[in-house]
Amino acid sequence: MTNYFEKLKLLSTKAYAPYSNFHVSAICLLADGTEVKGVNIENAAYSVTICAERTCLAQVYTLGYQKKDIIKFFLYTDSNQQGSPCGTCRQFLWELLGHDVPIEIYNQKGDSYVTTMQDLLPYGFTKEDLE
Ligand code: THU
């Protein structure tokens, strides 16, 4: 069985985080077995930074996959606490990841919990709200 904690920890070393030194990694597991990866990429203009969740999902779509192809989302943060996606990523994921797809989140110690977008962003904003 795949050890996603070790995989994510190794992947997090690829993060470009010279300002926060906080490394984050994400892996999307697709129905065909493909694993699509992402890390956080920071910038001297801090607000330009892209979180790992968004680099990962952007890559999923770039490769021609879509929401329906994603069966699980894994996340790792350098935190000692229970890690959690930021608000911007929650909104991004709300649109591009199935609301019941399991999201398994690991911290630095290897502790993990499983959640879903339904739990992370109840009453999330969607395109229907634009009507
Ligand atoms: N970060 C993520 O990659 N994902 C999140 O959900 C929270 C924050 C990154 C952004 C920045 O590079 C660093 O963590 C500190 O905020």
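Atoms considered below: every heavy atom in the structure, side chains included; atoms not considered: hydrogens, waters and symmetry mates. Ligands are counted one by one from 1 in listed order, and the atoms in each one are counted from 1 as well.
At distances below 3.5 Å, at least one donor-acceptor pair connects side-chain atoms of Tyr113 with backbone N or O atoms of Gly83. The closest donor-acceptor contact from the side chain of Ser12 to the backbone of Ser25 lies at 3.5 Å or more, if one exists at all. With hydrogens and angles disregarded, no donor-acceptor distance shorter than 3.5 Å links the side chain of Asp78 to the backbone of Phe22. Here the side chain of Glu53 pairs no donor or acceptor atom with the backbone of Leu93 at under 3.5 angstrom. At distances below 3.5 Å, not a single donor-acceptor pair connects side-chain atoms of Tyr65 with backbone N or O atoms of Leu57.
Of the protein's non-hydrogen atoms, the one nearest atom 5 (C) of ligand 1 is Glu53 OE2, 3.4 Å. Looking only at heavy atoms of the protein, atom 14 (O) of ligand 1 is closest to Phe22 CD2, 3.3 Å. Considering only non-hydrogen protein atoms, atom 11 (C) of ligand 1 sits nearest to Glu42 OE2, 3.3 Å. Distance from atom 9 (C) of ligand 1 to its nearest protein heavy atom, with residue and atom name: Asn40 ND2, 3.6 Å. In this structure, atom 7 (C) of ligand 1 lies nearest to the protein heavy atom Cys86 CB, 4.0 Å. Atom 3 (O) of ligand 1 has its closest protein heavy atom at Ala52 N, 3.0 Å.
Not one N or O of Cys51 is nearer than 3.5 Å to an N or O of ligand 1, by distance alone.
Atoms of ligand 1 found under 4.0 Å from any heavy atom of Thr49 (numbered from 1 in listed order, with element): 10 (C), 11 (C), 12 (O). Close approach of ligand 1 to Ser20 is summarised as follows: ligand atoms under 4.0 Å from at least one heavy atom of the residue are 13 (C), 15 (C).
Using bins of under 30°, 30° to 60° and over 60° for the plane-to-plane angle, the ring pair Trp94/His99 lands in the parallel bin.
Under the 4.0 Å distance rule, the nearest protein heavy atom to atom 16 (O) of ligand 1 falls outside the cut-off.
Using 4.0 Å as the threshold, Pro85 has a heavy atom nearer than that to some atom of ligand 1.
Between Tyr4 and the options Glu35, Glu104, Lys72, Lys9, a side chain to side chain donor-acceptor pair (under 3.5 Å) holds for only Glu35.
For Glu128 and Thr126, the side-chain atoms include at least one donor-acceptor pair closer than 3.5 Å.
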